[in-house]
Structures are given as C-alpha cells and as structure tokens.
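Here, residue 1 is the first one in the sequence, and each next residue gets the next number.
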Amino acid sequence: MKIKLVLNSRIIHIIFGVLLLTIFSNCSKENNDDVMKQFENDFNDSITKYKAEKFEYKFEALVQQTSYIFDSKIKLLKYSHEPENGFIQSLVFFDSSTDSIQKIIRREITPEWKNNSFKLEDSCDTTYVLFYSPKRKVLKYFDNKVIDSSSNEALLKKDINYIKKMKVDTEKKYNYK
C-alpha cells in the first residue's frame, strides 16, 4: 500500500514538473503587456491624484529612475535595470501617512540567448505585485493571469534596502537642490 502511494505521489510530481516545463519553455510567446498597462495606468492616476512633481535623478548610473514628489517626500517611484540583470521595471507606491512602502509592481523579463551568441532566442516575462500594507502578500502574473498568490518573504525582502537607500538619497537631492 505504501509503495503505491509513493509511486502515485512521484507520478503526480513528474506530471506537475512536465506541465511547468511546458508552460515556461514557451515563455517568449507569453507576456504581461496587458496587466502592466493596467498597473501603469494606476500609477499614472496616482501621480495625478497627488499632483506629484516629477523629479529625474540617477541614484546609480545604470538605473533609470523617475521619482514623483509630494510634500517633499517620494510618493511614487519608477525605476528600471537593463540589460545586465535582464530587463526589470519596478513601480513603487509609498504610503503617504507612514512613508513606508505600500506595494511594488515588478516586471522581470529574462532573456535567453542563443548558443553563447548575442542573439535573443526567447525571453520569460513575469510580473510580481508585492503588497506590504496592510497585509504582506505576493501575486505572480504570467501571460496576464495570476498564477500564484503567497506570502513569499524572500521576494518581499529582495529590494527593500535598495529602495530605501534610493528614496533617502533622492529626497536629499530634491530637498537641497
């Protein structure tokens, strides 16, 4: 009886693994353009709602950054890394009453290069929405659909220190311009 259960669970794991490989082996055909367009619209609506002032500043040379300031504090932050880390775009929303991160929308497009050449063969497009308040939660999107909902602590902690340093440095530069 135990042998059948072990074999059945192994078969289920193998089938699940094959299914995941099938989904992710065809990454280049799938993208999150539609869901990102909605998130960018929400971001732009927040800029308008807070009448935030656009402030261009480079915290790091290879990171494109645009901050939106309200009452001398960053309310919204948009930054991207490319191409050495893949293509990563982040939209950060800060809570205006606590000055802490409310949520991060992070799109990662990971290129797959063809046989050690510089020709792009495929890419995998994944979007994460990381909620920090009021409840810590991560939504993972693939092909414009939520495929996972969890409280992935590693993802929640991934960019926190970097964003905090970027925020403090940018606000100093803005307030002493």
Side-chain angles (χ1 to χ4, degrees), residues 27 31-113 120 123-177:
C27 284
N31 65 54
N32 286 316
D33 289 346
D34 294 341
V35 75
M36 276 308 293
K37 186 174 183 177
Q38 180 59 48
F39 292 139
E40 287 172 350
N41 286 340
D42 293 346
F43 188 82
N44 292 331
D45 289 347
S46 294
I47 293 167
T48 304
K49 175 184 171 185
Y50 290 102
K51 298 180 180 136
E53 177 186 349
K54 183 177 182 178
F55 182 64
E56 299 283 345
Y57 174 67
K58 282 199 179 218
F59 174 67
E60 285 187 348
L62 296 176
V63 178
Q64 300 299 317
Q65 172 192 346
T66 304
S67 303
Y68 295 89
I69 312 287
F70 178 74
D71 283 343
S72 299
K73 296 281 187 183
I74 294 178
K75 176 65 181 155
L76 301 155
L77 173 65
K78 183 179 195 175
Y79 69 96
S80 60
H81 300 270
E82 27 183 85
E84 68 284 343
N85 295 330
F87 305 95
I88 300 170
Q89 177 188 13
S90 297
L91 304 173
V92 184
F93 295 74
F94 292 94
D95 185 303
S96 53
S97 59
T98 63
D99 207 31
S100 59
I101 296 171
Q102 189 174 37
K103 73 178 170 184
I104 300 172
I105 296 158
R106 180 183 174 94
R107 183 180 195 181
E108 297 180 6
I109 301 174
T110 308
E112 295 175 12
W113 304 104
L120 185 63
S123 62
C124 191
D125 185 348
T126 309
T127 299
Y128 301 92
V129 180
L130 301 93
F131 295 97
Y132 291 89
S133 70
K135 188 176 179 181
R136 296 170 69 90
K137 184 177 181 176
V138 176
L139 299 177
K140 183 177 180 181
Y141 288 82
F142 180 77
D143 192 23
N144 295 303
K145 295 174 191 82
V146 175
I147 62 168
D148 187 26
S149 173
S150 64
S151 59
N152 186 328
E153 285 299 313
L155 265 175
L156 286 165
K157 293 178 180 178
K158 187 174 186 175
D159 289 336
I160 296 296
N161 289 333
Y162 181 79
I163 291 170
K164 285 180 180 178
K165 287 177 187 174
M166 184 186 306
K167 182 179 187 312
V168 167
D169 193 60
T170 303
E171 288 175 349
K172 280 182 187 176
K173 190 70 171 177
Y174 174 82
N175 289 314
Y176 296 107
K177 58 182 178 176

[X] versus [Y], closest heavy-atom pair with distance:
X      : Y      : result
Tyr174 : Ser72  : CE2-CA, 4.1 Å
Lys58  : Val63  : CG-O, 4.2 Å
Ile74  : Glu171 : N-OE2, 2.8 Å

Report the C-alpha distance between Met166 and Glu60 in whole Å, list the side-chain angles of each, state the deciding distance to 0.1 Å, and finish with yes or no for side-chain contact (heavy atoms from CB on, under 4.5 Å).
CA-CA 9 Å; Met166 184 186 306; Glu60 285 187 348; over 6 Å; no
How long is the straight-line distance from [atom2] of [Y] back to [atom1] of [X], given to the nearest 0.5 Å?
X      : Y      : atom1 : atom2 : result
Phe93  : Leu77  : CZ    : CG    : 10.5 Å
Asp159 : His81  : CG    : NE2   : 6.0 Å
Asp143 : Asn31  : CG    : CG    : 7.5 Å
Ser150 : Lys137 : OG    : NZ    : 9.0 Å
Lys140 : Thr126 : NZ    : OG1   : 5.5 Å
Ile109 : Gln89  : CD1   : CD    : 8.5 Å

Quick one: list whatever passes side chain to side chain contact (heavy atoms under 4.5 Å, CB included) with Asn44, sequence neighbours left out.
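Asn44: side chain to side chain contact (heavy atoms under 4.5 Å, CB included) contacts with Ile47.
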Got a sec, which residues hit side chain to side chain contact (heavy atoms under 4.5 Å, CB included) with Tyr141, two or more places apart in sequence or on another chain?
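Counting only residues at least two positions away or on another chain, Tyr141 forms a side chain to side chain contact (heavy atoms under 4.5 Å, CB included) with Asn32, Val35, Phe39, Thr127, Val129, Leu139, Val146.
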Are there more than 12 heavy atoms of other residues, nucleotides or ligands under 6.0 Å from atom NZ of Lys103?
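Atom NZ in Lys103 is packed in, count exceeds 12.
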Parallel, tilted or perpendicular: rings of Tyr162 and Phe59 (30°, 60°):
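Rings of Phe59 and Tyr162: perpendicular, over 60°.
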State whether the side chain of Asn144 and the backbone N or O of Asp34 hold a donor-acceptor pair below 3.5 Å, judged by distance alone.
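Pair found, side chain donor or acceptor close to backbone of Asp34.
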Can the positive tip of Lys75 be found less than 6.0 Å from the middle of the six-membered ring of Tyr50, inside 45° of the ring normal?
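Output yes; distance and angle both within limits.
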side-chain contact (heavy atoms from CB on, under 4.5 Å), that's the test. Do Leu76 and Phe70 meet it? Break it down for me.
CA-CA 9 Å; Leu76 301 155; Phe70 178 74; over 6 Å; no
Inspect the contact between Asp71 and Lys73 and indicate whether a charged nitrogen and a carboxylate oxygen are less than 4.0 angstrom apart.
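Answer for the salt bridge query: no.
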Sidechain N-carboxylate O distance under 4.0 Å for Asp33, Arg107:
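Between Arg107 and Asp33 there is a salt bridge, with a charged N closer than 4.0 Å to a carboxylate O.
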Is there a side-chain contact between Ile163 and Tyr79 in this structure, where contact means two heavy atoms from C-beta onward sitting under 4.5 Å apart?
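Yes, side chains in contact.
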Quick one, Ile160 and Tyr132 - any side-chain contact, counting heavy atoms below 4.5 Å?
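When only atoms from C-beta onward are counted, Tyr132 and Ile160 do touch, with a gap below 4.5 Å.
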Going by atom types only, do [X] and [Y] share a side-chain donor-acceptor pair under 3.5 Å?
X     : Y      : answer
Tyr57 : Asp169 : yes
Gln65 : Ser67  : yes
Gln38 : Asp42  : yes

Once side-chain hydrogen bond (donor to acceptor under 3.5 Å, both in side chains) is applied, do any residues pair with Gln64, and if so which ones, sequence neighbours excluded?
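Once residues adjacent in sequence are excluded, Gln64 has no partner under the side-chain hydrogen bond (donor to acceptor under 3.5 Å, both in side chains) criterion.
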Given Tyr68 and Lys54, is the side-chain contact (heavy atoms from CB on, under 4.5 Å) satisfied, shown in steps?
CA-CA 5 Å; Tyr68 295 89; Lys54 183 177 182 178; 3.8 Å; yes
